[in-house]
Amino acid sequence: MEFNAGLFQKQTLKLAMTQELTQAIALLQYSAHELAAFLEEKAIENPLIQVDFKNIRSIDPCVGIRNKASTVRERDQKNWIEQIGETSDTLHDHLLFQLNTLKITANQRRVIVLLIKHIDENGYLCAGIEETAQKLGLGLDEVENSLNILQGMEPAGVGARSLQECLLLQLERREYHQHRQRSSERRNGSVIREYPQGIMDLAASILTEHFILFAEKRWKSLAKLMKTDIKEIQKAFDFVQCLDPRPGAAFQKDRALYVVPDVVVRREHGTLTVGLFDDTMPRITFNEGYFSRLASYQDSEVARFLQEKQSDYQWIIKSLEQRRETLMRVALKIVEKQPHFFEQGPSLLRPMTMKEIAEELEIHESTVSRAVREKYIQTPVGTYELKSFFSSSLPTTEQDQTSSSQVKAAIGQLIKMEDKKKPMSDQNIVQVLAAKSGIVISRRTVAKYREQLGIPSSSKRKRFE
């Protein structure tokens, strides 16, 4: 083969990813919050861009003070006591408050304060005893005694180093309070209530000696080891279910996250209407005054700067309009293809893929994926993520198709209505779905969907009472 060096012309067609195109793609996939943050950042970089949040109004504190002073005072006097409940203590604050009420030694206080700092949000201790003793220069016994004091505080189970220890601490606390209550009833001459003391003792023995078998619900092996009836194991399990595996979770006060829909679907006069929800989106305007002032200067650098920023503004406006148009087209197509969903709810969601929508709209599948990313649609039957409308199709015995969402709902309903003493196996579910709903799926698919729904296997759902 002969190789010769030379210059040759070749014509090719390719897509060049310019900065503007990259920005347009990014704007399409931004959620409403991400888009607002992006536009604010752009307004800082580009003085020709003005961002106006229509849903946020600035208030001059000097306006109307004289007319509303009495109203404000009355409102503050009314609400000050209600505001006390708004400030909730953290778990650490709650433990430190209890610590201040205890009569303990200085070393014990030092140890407990340090241990409290290592309590996580669920109430578990994340520091080791040896590490704490070495850090404070104290003996292991003294640190262990201090930990016992901490574990005696509220909530029950706090300061545990494992789930097993957490449950045992709560069991011990319950037994103590139950014994005191019984003693009180005897002294008062009242009738003693029946308590499952035997079940509590059995639960404590199981948690101490056979925790793994208990967690895996291996009832038959447990019953054999404990030399008791399997129904008693079931009762012990039900009792442990009443305990709290995360005793510190009650002190977590997360702020509520509100979903703002991007698309709104309404039913008007028997028909569905689709619109974009723009009330929370900032309005972009051109700073004409700033542009005019700088344009009056006869300077080439200033003129170049204005031209660059003006082009940037125009491209953002164009990208935002393309984003609105693409989102609207995708939303309209979804509503067109899912009319029964918007009338009766998720149980009638038909199978639909992004590729199917892309082909009908003559756009790329990735464009559909970006358009529905982290965007929500408000419908007459609830608010949903746009991407939740896309699901794979599964065959039925009637030569029709059903969506994976419908299959999951059917599986969940079957398990909910099953006889808990004789729960349905995955193969049974396959047969019932085929017979009653005409849904044809494999046992492995049932197992996969069941795990996605957080439903355990039939052996772990079985009850023995």
Side-chain angles (χ1 to χ4, degrees), residues 83-184 197 200-216 236-237 239-256:
Q83 296 170 2
I84 295 176
E86 296 177 1
T87 57
S88 56
D89 291 338
T90 64
L91 176 60
H92 290 179
D93 294 335
H94 184 63
L95 295 173
L96 289 173
F97 174 79
Q98 295 177 72
L99 178 63
N100 292 331
T101 64
L102 300 178
K103 295 182 179 180
I104 54 178
T105 66
N107 281 342
Q108 288 175 333
R109 187 174 299 276
R110 286 174 58 209
V111 174
I112 295 175
V113 167
L114 182 58
L115 292 178
I116 288 175
K117 292 180 180 179
H118 290 88
I119 297 289
D120 67 13
E121 60 184 9
N122 293 320
Y124 287 85
L125 179 64
C126 300
I129 298 300
E130 295 83 1
E131 176 188 354
T132 304
Q134 185 178 3
K135 188 171 184 178
L136 296 177
L138 300 173
L140 290 176
D141 292 340
E142 193 166 6
V143 175
E144 190 73 44
N145 292 334
S146 301
L147 176 59
N148 292 336
I149 297 174
L150 172 61
Q151 291 177 344
M153 296 181 182
E154 294 292 339
V158 71
R161 289 157 288 186
S162 65
L163 174 60
Q164 182 182 17
E165 185 178 20
C166 179
L167 297 176
L168 284 170
L169 286 171
Q170 294 179 60
L171 269 174
E172 292 172 3
R173 190 81 61 89
R174 286 206 172 200
E175 289 179 346
Y176 171 74
H177 287 301
Q178 180 170 298
H179 176 73
R180 290 192 60 185
Q181 186 171 355
R182 282 189 170 184
S183 300
S184 175
Q197 186 63 49
M200 293 178 66
D201 294 338
L202 178 61
S205 299
I206 293 175
L207 290 176
T208 304
E209 302 171 12
H210 309 289
F211 181 72
I212 300 300
L213 289 177
F214 187 69
E216 294 176 352
F237 175 80
F239 179 77
V240 172
Q241 289 287 95
C242 300
L243 304 179
D244 189 357
R246 300 171 59 215
F251 292 86
Q252 298 178 31
K253 300 296 181 182
D254 297 332
R255 293 184 60 186

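- The two residues M153 and L95 come nearest to each other via the heavy atoms SD-O, 3.8 Å.
- Using a 4.5 Å heavy-atom cutoff, the side chains of I206 and F237 are not in contact.
- Checking L99, I119, V111 one by one against L150, the side chain to side chain contact (heavy atoms under 4.5 Å, CB included) holds for a single residue, I119.
- Residues A133 and L140 come closest through the heavy atom pair CB-CD2, 3.8 Å.
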**Item:** Test side chain to side chain contact (heavy atoms under 4.5 Å, CB included) applied to E121 and L91, step by step
**Value:** CA-CA 7 Å; E121 60 184 9; L91 176 60; over 6 Å; no
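- Across every non-hydrogen atom of L171 and A203, the tightest pair is CD1-C, 4.0 Å.
- For the pair P245/C166, no side-chain contact is recorded, criterion being any heavy-atom separation below 4.5 Å from C-beta on.
- Between E165 and Q151 the shortest side-chain heavy-atom distance falls below 4.5 Å.
- Residues L169 and R174 form no side-chain contact, since every pair of their non-hydrogen atoms from C-beta on lies 4.5 Å or further apart.
- Between V240 and F214 the shortest side-chain heavy-atom distance falls below 4.5 Å.
- By the 4.5 Å heavy-atom criterion applied to side chains, F251 and D93 are not counted as neighbours.
- Between L168 and A204 the shortest heavy-atom distance is CD2-O, 3.8 Å.
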**Request:** Using the salt bridge (Lys or Arg N to Asp or Glu O under 4.0 Å) rule, take E154 and R173 through it: C-alpha gap first, then chi angles, then the decisive distance, then the call.
**Result:** CA-CA 10 Å; E154 294 292 339; R173 190 81 61 89; 2.9 Å; yes
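- A salt bridge between R161 and E144 is present, with a side-chain N of the basic residue lying under 4.0 Å from a carboxylate O of the acidic one.
- At a threshold of 4.5 Å between non-hydrogen side-chain atoms, the residues L136 and V143 do not count as touching.
- Ion pairing between K135 and E130 fails under the 4.0 Å rule for side-chain N and carboxylate O.
- Atom CD of Q134 has 12 or fewer heavy atoms from other residues, nucleotides or ligands within 6.0 Å.
- Between Q98 and L102 the shortest side-chain heavy-atom distance does not fall below 4.5 Å.
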